[in-house]
Amino acid sequence: PVQGLLKSSSGVLGVIGNAEQLPFRDASFDVAYFKASFHHVADREKAFAEAVRITKPDGRVLLIEPNGAHPQRWLVSHSNGWVRKTRILTSFLGPPETFPSVDEVIEISRKHRMEMEVLVYAENDYDHLTVRQFLQRCYFRGFKTFVPEKYLMPYYILSFKKVF
């Protein structure tokens with residue numbers, strides 16, 4: 001947790017904590033939400049279990065994450081990716097990151113008896129794209145007729161329902 005990331009804002013209550021050990025009672029919330037943060041958690045399964053624990057019956061666990069199955073992610077971002085291993089342009093890239101694939105998150109959700117409701121693959125939706133985002137968009141447009149969407153879109157949105 002980084003205290004500097006928690007900025008005061010009117011109408012928003014912030015809590016500094018750890019996704020693997022949340023300071024809330026069981027069944028406290030209607031929704032637990034990870035937005036581009038799940039890949040930063042050391043123990044993803046434990047963090048997901050905590051999200052399930054604090055969610056009320058019929059509540060939801062939502063994730064919006066960079067798509068780990070996207071070639072740019074595993075070639076460039078992952079520490080075992082080709083670009084990182086060959087050290088080509090690595091001084092221009094951010095730190096290495098490992099992004100969970102949709103399949104990995106669904107497998108974790110099954111262990112916690114969560115029912116998947118929504119899976120949407122999404123493209124960047126910015127007015128001004130970075131070079132990386134521009135290349136992702138070109139990749140999508142060039143290959144969309146014959147490559148499955150799961151390998152084209154740089155993000156995914158998953159929603160799970162607590163049914164127990």
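Worth saying up front: this structure is predicted, and the values here are computed from it rather than measured. Computed from heavy atoms alone, side chains included, the values below leave out hydrogens, waters and symmetry copies.
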Look at the side-chain heavy atoms of Ile, Leu, Val, Met, Phe, Trp and Tyr, link any pair under 4.5 Å apart, and say whether [X] and [Y] land in one connected group.
| X | Y | result |
| --- | --- | --- |
| Ile157 | Val31 | yes |
| Val41 | Ile54 | no |
| Phe34 | Val120 | no |
| Val102 | Met116 | yes |
| Val118 | Leu63 | no |

- [ ] For Phe48 and Phe160, run ring pair (Phe, Tyr, Trp, His ring centres under 6.0 Å): C-alpha distance rounded to whole Å, both residues' side-chain angles, the deciding distance at 0.1 Å, then the answer.
- [x] CA-CA 11 Å; Phe48 194 90; Phe160 300 96; 5.6 Å; yes

If you take all heavy atoms of [X] and [Y], which pair is closest and at what distance?
| X | Y | result |
| --- | --- | --- |
| Val163 | Glu115 | CG1-OE1, 3.7 Å |
| Ser159 | Leu62 | OG-CD2, 3.1 Å |
| Ser37 | Glu65 | N-OE2, 2.9 Å |
| Lys150 | Ala69 | O-CB, 3.8 Å |
| Ala122 | Pro154 | O-CD, 3.3 Å |

What distance separates [X] [atom1] from [Y] [atom2], expressed to the nearest 0.5 Å?
| X | Y | atom1 | atom2 | result |
| --- | --- | --- | --- | --- |
| Ile108 | Phe38 | CD1 | CZ | 4.5 Å |
| Tyr156 | Glu149 | OH | CD | 14.5 Å |
| Tyr33 | Thr55 | OH | OG1 | 14.0 Å |
| Glu107 | Ser109 | CD | OG | 8.0 Å |
| Leu22 | Glu50 | CG | CD | 4.5 Å |
| Arg25 | Arg53 | CZ | CZ | 10.5 Å |

Open item on the list: The criterion is side chain to side chain donor-acceptor pair (under 3.5 Å); which residues satisfy it with Arg60, sequence neighbours excluded?
Closed with: Glu117

Open item on the list: Can you tell me if Lys161 has over 12 outside heavy atoms packed within less than 6.0 Å of its NZ?
Closed with: yes

Open item on the list: Just checking Phe24: does its CZ atom have more than 12 heavy atoms from other residues, nucleotides or ligands closer to it than 6.0 angstrom?
Closed with: yes

With side chains defined as the heavy atoms from C-beta onward, is the minimum distance between [X] and [Y] less than 4.5 Å?
| X | Y | result |
| --- | --- | --- |
| Arg44 | Thr98 | yes |
| Lys162 | Val52 | yes |
| Arg137 | Glu123 | yes |

Open item on the list: Main chain of Asn18, side chain of Gln21: is a donor-acceptor contact present, judged purely on distance under 3.5 Å?
Closed with: no

Open item on the list: I need the single residue from Tyr139, Phe140, Phe143 that forms a ring-ring contact (aromatic ring centres under 6.0 Å, His included) with His70. Which is it?
Closed with: Tyr139

Task: Parallel, tilted or perpendicular: ring planes of Phe99 versus His39, cut at 30 and 60 degrees - done: tilted

